[in-house]
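To keep things clear, I will list the structure first and then write my remarks on it.
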Number of protein chains: 2
Amino acid sequence: MGEPLNERSQNILEAIVEDYIQTAEPIGSRAITKRHAFDLSPATVRNVMADLEDMGFLASPHTSAGRIPTDKGYQYYVESLLQVRDLSEEFRNNIEDDSRFAGKNMEDIMQEVGNLLSGISSYTGLVMAPRFNSTIFRQIEFVRLSQGRLLVIFVSESGLVQNKVIEPGIDFSQRELESITNYLNHRLPGMTITQVRERIAVELREEKTRLSKLQKQAFELSDKALQGDVSEQIYVAGTSRMLEQSDFTSHDSMMKIMRTLESKQQLIELLDRSQSASGVQIFIGSQSTDSKIEGCSLITSPFSGNNGAVGTLGVIGPVRMNYSQVIPIVDFTASLVGRLLDRES
Amino acid sequence: MGEPLNERSQNILEAIVEDYIQTAEPIGSRAITKRHAFDLSPATVRNVMADLEDMGFLASPHTSAGRIPTDKGYQYYVESLLQVRDLSEEFRNNIEDDSRFAGKNMEDIMQEVGNLLSGISSYTGLVMAPRFNSTIFRQIEFVRLSQGRLLVIFVSESGLVQNKVIEPGIDFSQRELESITNYLNHRLPGMTITQVRERIAVELREEKTRLSKLQKQAFELSDKALQGDVSEQIYVAGTSRMLEQSDFTSHDSMMKIMRTLESKQQLIELLDRSQSASGVQIFIGSQSTDSKIEGCSLITSPFSGNNGAVGTLGVIGPVRMNYSQVIPIVDFTASLVGRLLDRES
DNA sequence: CATTAGCACTCAACGCGAGTGAGTGCTAAT
DNA sequence: ATTAGCACTCACTCGCGTTGAGTGCTAATG
């Protein structure tokens with residue numbers, strides 16, 4: 001598999017991939033010699049192309065068309081041929097333009113980051129906010145709703161707000177809730193939600209000996225509040241950009257993609273894989289996932305602030321994607337979001 | 001314009017609209033006589049159809065095809081011919097299935113309602129949560145972020161949570177914030193946000209004479225927190241359902257629609273018109289709006305709880321939509337959501 | 001021996017024209 | 001007023017030749 005492509009083959013493969021990315025039309029031998037100043041005749045190029053096809057880097061839609069890159073071809077291109085340029089000053093300024101985020105809460109910021117990714121890359125932008133369980137607890141509030149129902153609001157170090165409804169069984173008075181809130185807000189900050197949960201479990205186990213009634217209630221309540229996983233927050237922007245791609249002309253492929261983009265669950269699965277890695281990751285075509293996003297590539301990067309919150313963002317587009325542009329965009333945006341997270345803490 | 005259609009014409013128009021909704025193919029005179037037991041010959045039906053075309057209720061794609069309803073035709077059908085059946089027991093039970101909303105916060109409930117609308121109607125579901133300014137204030141909380149930035153969290157009577165970030169200029173201590181929070185939470189509940197805002201303005205004008213420093217700070221802070229409009233919360237579900245419609249085959253129409261569905265702003269404009277009315281409203285095709293959702297119809301209904309919060313929900317689909325099914329679905333769902341809002345207060 | 005010119009070959013894409021059939025509008029008969 | 005009959009229209013389909021970009025092979029070339 002690790003065929004040692006000689007330099008000429010590499011150059012030609014690179015030329016084909018780049019031309020194809022630009023034109024979306026199969027590339028013929030003659031086109032190559034014209035657009036690039038290789039000192040080669042079309043015939044020679046044809047021979048090389050035939051070899052590249054044998055090795056699985058290229059494919060021909062039919063005999064009398066040019067060649068198009070296979071997924072393997074793209075992959076080789078991305079891994080070995082592509083050199084990522086730095087982002088142009090203009091782009092960087094555009095991305096970093098703070099006014100866009102001014103006075104926005106985290107939710108809106110995440111959405112705005114999605115818009116940004118989509119707008120600049122002209123593909124579809126994805127943002128997965130940091131998993132709530134891994135974020136650092138900052139504050140908790142309880143609001144009484146009707147019939148013994150309580151609204152619990154958590155705020156994390158990085159300014160993320162989550163709320164859920166619980167039914168604790170006991171009807172606490174406003175005063176009791178305030179005390180409980182106070183107690184918890186003095187004891188819990190600084191730990192991740194997961195740690196908080198463990199702490200609560202420990203405290204409750206040792207309850208009989210040490211805890212006052214208030215303390216016990218406080219822990220029971222927060223235990224209830226933290227039960228069950230909070231659903232991931234996913235933000236998608238620019239889905240219609242997908243339809244603009246000349247690659248997805250068939251109804252079928254469009255629908256498949258749009259359905260996937262609608263399903264938070266599927267997006268989570270896609271983005272999850274990138275969560276643990278560091279730096280930009282690239283998933284190309286079928287390699288990336290079993291036909292769920294057939295014909296698509298995914299460029300992702302985790303982002304994280306100093307306080308340990310880790311999320312993922314990325315861009316999804318056709319395999320025939322402008323990698324050299326998108327990769328630095330994703331990279332730079334991820335670092336920006338990291339900084340935004342820190343800003344709040 | 002108000003032509004008095006005789007009964008026979010009405011029957012034939014109705015038959016054509018219904019058949020067309022079902023088959024999506026132009027309806028010919030012979031097809032009518034076959035599928036419906038009018039005691040008429042195709043020729044007679046043809047005459048009637050020609051009349052209906054003259055009056056603008058029908059159109060023929062080309063001479064040798066059957067007729068299809070015009071927007072005006074649909075409109076007449078919906079207003080005068082269609083009788084809305086009650087929702088079947090099955091549907092009602094399905095919609096009312098409470099487990100779907102169990103333990104969910106308002107945000108998730110709204111999203112779930114969108115899914116419900118989309119799932120049952122098999123078109124695209126839209127939900128616009130009650131305007132925050134018109135909801136009744138229940139509780140406010142402040143969370144200190146870094147650098148003098150404050151996170152403000154509002155909770156409304158119906159359990160809606162909103163948060164925003166403000167920079168008050170002064171760096172309040174945690175204790176001060178608690179006092180301010182306390183003070184506000186005892187003074188403000190029961191009013192709508194708009195009323196709260198007015199109240200604050202009044203209090204601040206009279207400040208010198210009566211208010212303590214704390215009170216003054218409290219009002220100034222909440223004034224700041226309430227400045228600027230909170231963006232509407234819009235939930236869209238089942239956008240890919242739009243692509244499934246055989247009516248939108250052209251790239252162009254698809255993209256137009258998907259773009260509109262992505263733009264919160266445009267959706268707000270669409271749903272806003274229905275906000276003030278009561279009961280189900282139907283916007284058909286071009287009538288509904290200038291080409292933004294060309295070829296689409298919109299069925300909406302406002303929903304409201306006892307506490308005055310008013311939102312809008314609806315279904316958007318092709319003009320060739322199954323009105324008799326969708327209308328009761330929207331109606332029933334709106335009343336359900338009204339009840340869900342009350343549940344919290 | 002790698003490269004290239006030359007050439008026959010392939011095949012999607014395009015355009016054209018005949019055939020088909022669903023559906024219409026008109027006219028004359030009932 | 002309704003209907004049977006009939007000529008007419010026109011989108012749609014299918015087959016067929018033409019076109020041209022591009023290929024693979026072979027033989028010539030430096």
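These figures come from a predicted structure and were not determined experimentally. Below, chains carry the letters A, B, ... as their sequence lines are ordered, and counting in each starts from 1.
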In the structure shown, which nucleotide is the Watson-Crick or G-U wobble counterpart of [N], with both distances under 3.5 Å?
{"N": "C/dT30", "value": "D/dA1"}
{"N": "C/dC9", "value": "D/dG22"}
{"N": "C/dG19", "value": "D/dC12"}

In whole Å, what is the span from the [atom1] atom of [X] to the [atom2] atom of [N]?
{"X": "A/D51", "N": "C/dA2", "atom1": "CG", "atom2": "C1'", "answer": "13 Å"}
{"X": "A/H62", "N": "C/dT10", "atom1": "NE2", "atom2": "C1'", "answer": "10 Å"}
{"X": "A/R46", "N": "C/dT4", "atom1": "CZ", "atom2": "C1'", "answer": "10 Å"}
{"X": "A/M49", "N": "C/dT3", "atom1": "CE", "atom2": "P", "answer": "16 Å"}

Can you tell whether the side chains of A/R92 and A/E89 come within less than 4.0 Å, N to carboxylate O?
yes

Heavy-atom nearest nucleotide on DNA chain D taken for B/D39 and for B/S64; more 5' hit belongs to B/D39

Nearest-nucleotide check on DNA chain D, B/S41 vs B/T63; residue mapping nearer the 5' end is B/S41

Are a donor atom and an acceptor atom from the side chains of [X] and [Y] found within less than 3.5 Å of each other?
{"X": "B/Y123", "Y": "B/Q245", "result": "no"}
{"X": "B/T44", "Y": "B/S41", "result": "yes"}
{"X": "A/S324", "Y": "A/N322", "result": "yes"}

Of A/R241, A/Q325, A/E244, the residue whose pairing with A/S122 passes side-chain contact (heavy atoms from CB on, under 4.5 Å)
A/R241

Please give me the minimum heavy-atom distance between B/S29 and B/P42, naming the atom from each residue.
CB-O, 3.6 Å

Along DNA chain D, 5' to 3', what are the outermost nucleotides having an atom less than 4.0 Å from a heavy atom of chain B?
D/dT2 to D/dA11

Does A/S60 reach a base, just sugar-phosphate, or nothing at all? Heavy atoms under 4.0 Å.
nothing

